[in-house]
Each structure stands twice: as C-alpha cells, then as structure tokens.
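Written out below as structure tokens is the structure these notes cover.
Per chain, numbering begins at 1; letters A, B, ... match sequence-line order.
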2 protein chains.
Amino acid sequence: MRFHSPAIQYFHAVRRTGSIRAAARGLNVASSAVSRQILKLEQEVGSPLFERNARGLTLTTVGEMLARHVMNVLQDLDRFRSDVASLSGTWHGTVSIACIESLTESVLPDLIASHRGRARRVSFTTEVMGSSGVLEALSRGEADIGIAIALRHPPDLRQVALKRFRLGALVAREHPLARRKTVTLAQCLAFPVINALPELSIYHLLQPLIAQLPETPEPAIQANSIDLMRELAARGVGVAFQTQLGVGRLSRDSQLVFLPLDNAGSPVWSDLGIYVRAERTLPAYTESFLQELVRELGERERRENAAYPQVA
Amino acid sequence: MRFHSPAIQYFHAVRRTGSIRAAARGLNVASSAVSRQILKLEQEVGSPLFERNARGLTLTTVGEMLARHVMNVLQDLDRFRSDVASLSGTWHGTVSIACIESLTESVLPDLIASHRGRARRVSFTTEVMGSSGVLEALSRGEADIGIAIALRHPPDLRQVALKRFRLGALVAREHPLARRKTVTLAQCLAFPVINALPELSIYHLLQPLIAQLPETPEPAIQANSIDLMRELAARGVGVAFQTQLGVGRLSRDSQLVFLPLDNAGSPVWSDLGIYVRAERTLPAYTESFLQELVRELGERERRENAAYPQVA
DNA sequence: CATGTTGCTGCCGTTTCGGCAACAGCTATA
DNA sequence: TATAGCTGTTGCCGAAACGGCAGCAACATG
C-alpha cells in the first residue's frame, strides 16, 4: 500500500535523519536515489528545500512548509490504512505517546494495561521527556498524543483537554507534617526539602512562590527525577513536591502522605494539557485511546479535588 | 509542481467524473493509462475502489475512504502551494464559494468587490444552490467555503460561524402593511402572499407556523427564486418573506419595505451557517476571505437586529 | 596530513508509465 | 432485433523514470 511517490517518503526520511546517506540506509536504497529525488523535488518546487551543511542537511523555510505538507499526507495515509483495516475487523496499529514523568507512575500504565486488555492488537510507544520536548515531538510528528504541563502551545498543536491537579507536598508517614490536612510552603521549608531542578515544571511552579517568602530556605536536595524525589521522600529524607498523579500506589501503601499545598489561602494548581497535532485526523484506534485518556484524567481530577478540602 | 504519484490524481479525476474515459479526456491521457492506475491502486489497497456499472464507476466503501484521503492530500497540497507563493510575495489563487441565494443580492457582491480591490490576484468562483447542496458540494471538495441555512451538518464539515437573521415580510411601499413596524403572519395572510416552494429554506421556516394558524390562507403565488419573489413584492403583487440580507439595495431605494415577522410575540429566526471541510487547513488567501466573510455577516447581524425592535 | 564523512553525478540495467488498437459487455435507439 | 455508441480492460511497444554502482570534490575530524 505505497501509492505515494517515493520523493515524498524520501524527503520525510531525510528530514528526520538530517542526512541523505542515513536516510538511504534506513530506506534500504542507494544514497544516489535519495539524492536525486530530493533534487527533483527542489526543481519542481522551484526553491531549495535543504541547506547543505558539510555535516548534513537542514530544512529551509520552504522545506519546512513542505515538511508540514508531507507530514499531513503521511499521517493521513496512516489514518486511511487504519480505517480500511477496521473495516475488515482488524484493529491494529501503534499509539505513540510523549508525556512528562508525572504520568508514568500510575495513570499511563493503568490505562495502557486496561486498553491492551480490550484491544490486544493495538501496541504502544511511550517516551518520557520535558514539557517543551513533548510539544516539539508532537510538532515533528514523532508522537500521536502528548501530555505536558499546559504552556502556551504552538498553533500547529491542538489542546484536546486541560485538567488541573493540586500541587502538594509529599512526606513520609513518620514526618512531623504528616498528620496535617494541608500545608503551606513556609511550613514545608522549615524542614529539609527535595527541590526540583529547572528542567522539571514543578520548579517553575514553585519558584515564584518561594521567591515571595521572606526567609531563604535552607540548603536542600535537588533532583530532576520525579521518581527519585518520591523515593527520597518515602525514606524520610525530606519534603518533595508534586501533583498527586505521580504518587498513586505509594500513598496507597501508606508509605507516603500527600498534603495539598496552601498558598495564602488558595490551592496551587498544576495544569496538565493533552495535545495533538492540529492538522490531523487521528486513526480510529488512536482516537479511541485518546478519549479514554481524557476521560481517565478528568475522572482523577474530579476524584482528587474532591478528596482534599478546598483551602477556604 | 506535481510530486504526487499519478495514481492519486487519476483516482481523483475518476471520482469526480464517474468515468475512466471522461477522466482521461480531462487529463489529456489515454484511458488505458487511467484504467491501469486505478487497477494498480485497487491491487495495493487490496480491495476494489469502484463498482463497475455499465454506465460508469461508483465508489465502494473503501473507495470513499480513499477519496477522503486523496481529497485531504490534494487540498493540503493546494495550501502548501499558496504558502510557498505567498513567501515570494505572490498571492494568487481561487476562492470557491457555494452559497444559498440570499447572499447574492448584497453580501457576496459587496465582499468580493472590496476584497478584489485589495487583492487583485485572488479570483473567485461562486455557485448558488440549495442548503443541502452547499453541504454536499463542500463534502465533495467542490467548494472551499459554504454558506447555508444551519441544518445538521455532517461530521466532515465544520461550522465556522452561526449568524441569525430575522425573517420578515417584504412589501411594496404602497402596500397597506407598509406603515407598520412589525407584522404577524396572520396579518400578512390577509393579503395575497408570494410563497416559497419547498426547495427554498424559507418554506421550511414558515410552513410549521402557517400550519398553526386557524384559517387556511387564500391561494397565492409560489416561486423558487428569491430574486423573483423580491421583484414581485416590489411590484405590489403580494407579500414575500425573506431575511433582510436578500433585500439590501431595493429597500435602500425605498421601493420595498422590510417588516420583521412577529410570531406570537417572538421573532422568527433564520440561522445562517458558514461551513468549511473539517479535515483541512485553508490556503492563506482563502482563510483571509473567510475571516472577512464572518466579520461582515456578524456586522450585518448586529446592525439588522439593532435596527428593528425586539418583539417584546 | 590522512581518514572518514558528506552530497552529487555519469553510466547502465530494470521497472514503470503511457499511447495505440482491439476486445467484450452493456444501453439506448431505430 | 440489429446497430451504433458507450463503457472498462488488455497486449504490445516505445519512452520516461527509477535505482544501483562507482567515482568525484568538499569538508570535518583525528
């Protein structure tokens, strides 16, 4: 089922690899064939598509425009294929997800497991990265669904849903703060804290609030792994901060306690966005999983915000 | 700039014409070439795309799926072309509009004229048809922008905007009703009326209201042309019904008077929808005109609904 | 300076494409 | 019922496009 001219596919491969020879290797063809198709494309468009650096190729402005078109074509071809397959009862395909770390502890594994239970032929590829990386991966067509902190997103992406979760402190069961219902940032900073490094979005949520406090916090541990921070908190090393999303099981086993943050009387929100390329119709199986993801996150949002009292 | 395999374009032509030979004529190639490309496509998809009737070809279910994909590809190619062109300062292209008759008197000619004044290189194709025809033309990819009475639209279309205009009676200046501010349907039916035939949407707006009246109206003129109905009303033949959109100039010349309908104390609305294919990104010049169209219709909606009193 | 990489280009065999003419199947008309 | 006109399909063959091989110059890295 390859009814698009080779030029399209070759161009796509060259854009991804940034090199003609590398693309040729991946396509199992001679590099000369790839080179010629690119040259032919440039001749037909009437403008160079790549800048030839000595160490590979970079897209020109026109090249980026064509890349957008080619991505639309190939992604829609994918959707068409899945539509035809689903007509003959065969539902198969791969859902590719790019997300931030908060989802890996409970939300994503639960969802994928339950989905695979129903649709065995749908496989998954998930890649964990930073919020901006998620958006970029989506833009480059390297993922179908993205979950990230809701920043300003580029116009080629569409925000399917926006869910807010309360940011809270994570402490061991034996921690002095553990018996409270909520905590303020100042109360936490009286103890050793496990700070997020700037590459984590939690850093950018908390930093402005910390800056407002009169006292400078005592030296603390810094980390860039949500998982590590959680485990550290469980061992009583200090107070960690994250949304309750990343702490489902551990808190069920009662090793950890989650305390919603109270910032001058109001909660601290962490906004999670679900993103998709705008110029695209998803394959049925991807759309189906997306709906479940939105529903599940909405469910957790409702449940968690009901479980903890509003900070008057 | 034809970097898509001939099969795609041939398939598209065959779908439109419903015949291989007709498509071949339009493409200036031998019919055998077209036939082979279609056969090759069917082989690669693994399923027939057309049903061979003795008098031409009809799409199968899989064929319709491919048609959707091909339309997405070709329309997006169009957008890409316009993007490249606009990069070199050249803005040209054709905006294709399908709309109902109410727009032809004033809205569309005004807008097109003013737009061509600014962007001389953008040309227009407009086709007038019934509301359902507008939606079908859009679905088939035969128009870029559709304006129709806001019915339930198929999922492959997107309603860009929804504007409501008051339905009213149209009478000559000398008509006995002409001095009123508003009229009820019953008042109109005391005079000869010019009824719309079922192919016009006005019929479906008024019929349920007429059916509620106790008295059966006296025999009247029936027509399927908004223009004709307007001219008849101007000559004092009877009372016509339409939105004020279709009566801009004549009422300015004071030959006609527009009287908003009052139906048991509330206005009678005619909902106008602006539609676009959902799985599509419009070329810049089309998008630009679309924005103007939405703005202009919104402007008229505001102006007209302010010009006439609310029926308490 | 040597080595490895990059993209590009003749040369040539293979594949694909398209035009011509003929064929079978069907419909409408006489 | 016979004929004319349409439909899509199929061999045959020339032309165009494609792809592989080997070699080229340009540049980066050691």
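A sub-4.0 Å separation between OP1 or OP2 of dC18(D) and a side-chain N or O of Tyr10(A) is absent. A close approach under 4.0 Å does occur between a side-chain nitrogen or oxygen of Lys40(A) and OP1 or OP2 of dC18(D). Listed pair Gln37(A) / dG19(D) meets the phosphate criterion, a side-chain N or O lying under 4.0 Å from OP1 or OP2.
What separates CZ of Arg55(A) from C1' of dG30(D) is a distance of 12 Å, to the nearest Å. In this structure, the CG atom of Asn53(B) is 18 Å from the P atom of dC6(D), given to the nearest Å. In this structure, CG of Leu39(B) is placed 11 Å from P of dG11(D), rounded to the nearest angstrom. The nearest whole Å value for the distance from the CD atom in Glu51(A) to the P atom in dT6(C) is 19 Å. The distance between atom CZ of Arg21(B) and atom C1' of dG18(C), rounded to the nearest whole Å, is 15 Å. Computed from coordinates, the Phe3(B) CZ to dA17(D) P distance equals 17 Å when rounded to whole Å. Residue Leu27(A) contributes atom CG, which lies 10 Å from atom P of dG20(D) at whole-angstrom precision. In this structure, the CG atom of Leu41(A) is 12 Å from the P atom of dC8(C), given to the nearest Å.
The Ile20(B) side chain lies nearest to dT9(D) when the options are dG7(C), dT9(D), dG18(C). Candidate nucleotides dG19(C), dC26(C), dC27(D) were compared by shortest atom distance to the side chain of Ala54(B), and dC26(C) ranks first. In the set dG18(C), dT27(C), dG19(D), dG19(D) carries the atom at the smallest distance from any side-chain atom of Pro6(A). When distances run from any side-chain atom of Ala30(B) to the nucleotides dC8(C), dG19(C), dT9(D), the shortest one goes to dG19(C).
Looking at heavy-atom distances under 4.0 Å, Ile38(A) makes no contact with the nucleic acid at all. When heavy atoms are screened at a 4.0 angstrom cut-off, Phe50(B) is found touching no nucleic acid atom at all.
Heavy-atom distances to DNA chain D give each of Ser5(A) and Arg25(B) a nearest nucleotide, and the one nearer the 5′ end belongs to Arg25(B). When each of Ser19(B) and Ser32(A) is assigned the nucleotide of DNA chain D bearing its nearest heavy atom, the one mapping closer to the 5' terminus is Ser19(B).
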Start with the C-alpha distance between Asp144(B) and Phe289(B), add both sets of side-chain angles, then the distance that settles side chain to side chain contact (heavy atoms under 4.5 Å, CB included), and finish with yes or no. CA-CA 11 Å; Asp144(B) 303 322; Phe289(B) 179 80; over 6 Å; no
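Of the N and O atoms on the side chains of Ser131(B) and Ser201(B), not one donor lies less than 3.5 Å from an acceptor on the other residue.
Considering CD of Glu51(A) and OG1 of Thr61(A), their distance stands at 8.0 Å, rounded to 0.5 Å. With values rounded to the nearest 0.5 angstrom, Leu103(A) atom CG is found 9.0 Å from Ile97(A) atom CD1.
Judged by atom type and distance alone, Arg52(B) does not reach the base of dG25(C) through any side-chain donor-acceptor pair under 3.5 Å. Under 3.5 Å, the side chain of Arg36(B) and the base of dG8(D) form no donor-acceptor pair of N or O atoms.
For Asp76(A) and Arg68(B), the salt-bridge test fails: no basic side-chain N is under 4.0 Å from an acidic carboxylate O.
Aromatic ring centroids of His4(A) and His69(B) lie under 6.0 Å apart.
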